[in-house]
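Quick notes on the structure that follows.
It should be emphasised that the depicted structure is a prediction, and the values quoted were computed from it without experimental measurement. Every chain is numbered from 1 and lettered A, B, ... according to where its sequence line falls, protein lines coming before strand lines.
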Amino acid sequence: MIEIVNLHKAFGKTLALNGANLICKEGCVSALMGPNGSGKSTLMKSILGLVIPDSGTITIDDEKISNGFEYRHKIGYMPQAVNYPHNLKVIELFEILKKLRTNDTDEELISEFKINEIYEKKFGQLSGGMKQRVSAAIAFLFKPQILILDEPTASLDPLSAEVMKAKIRKSKEEGCNIIISSHHVSEVDEMADRIAFMLEGKIVIDRMIKEIKNGSGNIRLGKVIAEMLNTN
Amino acid sequence: MSISILKYVFFDLLRSRFIITYGIMLALISLGVAYFSNDEMKTSLTLLNIILFIIPLVCLIFGSIHFYDSGEFIEFLLTQPVSRNTVFRAEYLGLTLALSVAAIAGLIPAIILNGITVSALFLTIISVAMTFIFTGLAFLSSTINTEKVRGIGLSIVLWLFLAIIFDLIIVLLIILFRDYPLENLIIIFTSLNPIDLGRILLLLKTDASAMMGFTGASFKLFFGSTTGIVVSSLAMFLWILIPYFLAIRIFRKKNF
């Protein structure tokens with residue numbers, strides 16, 4: 001379980017996180033939503049240890065993460081976009097990662113994401129979509145207990161996007177704790193169980209999607225969220 | 001220490017066009033100097049002056065560029081179960097080792113033509129020490145500044161200060177206070193600049209120190225003694241360690 005309590009982070013005068021609270025449990029897909037600059041990326045990066053919060057705590061399975069790094073054995077992360085070194089071959093990256101992580105690997109997804117076709121290629125030769133396929137495969141490769149996916153289907157081709165959605169569903173069934181960030185309500189409606197909507201560094205809506213839909217009697221999730229934000 | 005990251009950084013840099021060009025350029029310079037000077041001492045002194053100009057500049061600018069260009073990959077590595085210290089150490093050692101290999105390869109033609117001498121050995125040690133010192137300073141200026149332009153700008157200012165302005169200040173001090181005994185003060189000042197420290201250490205291993213007059217004599221008295229050698233080696237070592245540890249301290253608290 002991930003427990004975030006009263007997290008604050010300021011970059012100069014800009015307040016990125018202003019008392020964010022969130023609990024994410026196993027077997028649940030939590031969708032972080034919100035406008036640009038609302039603090040979604042900062043929150044995700046704080047869990048990964050890339051951003052060091054000014055105050056507040058993050059605990060994973062009852063252990064504070066503070067300055068540790070071992071806990072990241074449990075996490076699979078897919079960034080929105082990453083510039084891998086141009087001269088690095090895909091196979092070399094996989095070899096480096098296999099030496100850094102001791103977990104078992106799920107070799108099936110190498111073929112599922114068609115990585116074997118580009119294994120020997122350098123990142124400089126790959127398109128943006130191909131690089132995202134590699135990032136997606138890396139996130140799932142070590143059978144993580146926690147998945148953090150930043151805009152997971154944004155740069156993927158339709159086929160890979162479907163593979164990704166299937167992997168998310170399968171991981172959820174296996175008890176994985178999944179956090180995704182997305183701007184697409186339809187995608188969230190399709191994949192997530194719960195919405196955490198962020199505004200100005202705070203989580204202003206934190207509800208299960210089923211509850212939201214049942215409560216309003218409205219099936220269009222986007223409209224319901226908008227109505228909830230207006231009443232808030 | 002993650003050998004896999006270090007190995008990747010080192011070999012990736014070693015096959016980069018910049019490092020190859022840098023090694024070849026140094027090799028051509030050392031070949032030219034050794035061929036035309038025809039004298040071991042002259043070769044060492046000429047090469048020393050060139051090296052003390054080029055190595056700090058290359059390490060500072062290329063070190064900063066490399067750090068910023070690797071930013072996204074460093075960020076990606078930090079999402080894996082690996083400590084910030086490990087990633088920083090691998091990047092620093094990978095770069096310094098690759099630049100050192102290029103610098104040593106660049107000196108080989110002169111060593112072949114003149115033979116392995118004490119000054120050639122000192123020249124090699126000083127080249128490697130300069131590489132470690134100035135790459136550390138480049139990483140320090142890059143961790144302090146999040147913006148690439150500012151980081152590279154600070155590296156250039158550091159080079160200008162240590163390679164040119166510092167000596168001008170010393171000359172000015174000597175002229176202004178020529179009536180006072182400044183020898184000890186100059187020795188302390190020299191230790192504050194790794195370029196000057198490297199220059200004096202090699203000069204004292206050659207006969208050229210005889211031409212340095214009274215100041216040279218006091219330098220020889222201090223730097224030529226066992227205490228002097230220990231103090232100057234310690235100063236060089238501190239010049240490697242201090243920027244490295246300051247940079248790693250900032251890197252550990254950096255937000256990505």
Atom OH in B:Tyr8, atom CG in A:Asn87: separation rounded to 0.5 Å? 7.0 Å
Rounded distance (nearest 0.5 Å) linking atom OG1 of B:Thr79 with atom CE of A:Met44: 12.5 Å
Donor-acceptor under 3.5 Å (A:Arg72 side chain, B:Ser83 main chain):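 The answer is no, because no donor-acceptor pair under 3.5 Å joins these two groups.
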Side-chain (B:Arg84) to main-chain (A:Phe69) donor-acceptor, under 3.5 angstrom: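 Not confirmed, B:Arg84 side chain does not pair with A:Phe69 backbone.
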Other residues, nucleotides and ligands only: do more than 12 of their heavy atoms fall within 6.0 Å of [atom1] on [X]?
X: B:Lys7; atom1: NZ; answer: no
X: B:Arg17; atom1: CZ; answer: no
X: A:Lys131; atom1: NZ; answer: yes
X: B:Ile116; atom1: CD1; answer: no
X: A:Lys98; atom1: NZ; answer: yes
X: A:Glu63; atom1: CD; answer: no
X: B:Arg150; atom1: CZ; answer: no

Measuring heavy-atom distances to chain B, does [X] have an atom under 4.5 Å in its side chain, in its backbone, in both, or in neither?
X: A:Lys9; answer: side chain
X: A:Ile138; answer: side chain
X: A:Phe11; answer: side chain

Run the numbers on A:Leu93 and B:Phe73 for side chain to side chain contact (heavy atoms under 4.5 Å, CB included), then give the verdict. CA-CA 11 Å; A:Leu93 179 65; B:Phe73 188 54; 3.8 Å; yes
Residue pairs involving residues 49-71 of chain B (criterion salt bridge (charged side-chain N to carboxylate O under 4.0 Å, His left out); sequence neighbours excluded): B:Asp69-B:Lys148
Just give me the residue among A:Leu88, A:Ile75, A:Ile148 that pairs up with chain B most often, heavy atom to heavy atom, under 4.5 Å. A:Leu88
Is a side-chain donor-acceptor pair under 3.5 Å present for B:Gln80 with A:Arg101? yes
Nearest non-hydrogen partners of B:Ser4 and A:Leu100, listed with the distance: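 Closest approach of B:Ser4 to A:Leu100: OG-CD2, 4.3 Å.
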Closest approach of A:Ala81 and B:Glu72, non-hydrogen atoms and distance? O-OE1, 4.1 Å
Heavy atom to heavy atom, less than 4.5 Å: which residues from residues 233-256 of chain B reach chain A? B:Arg252, B:Lys253, B:Lys254, B:Asn255, B:Phe256
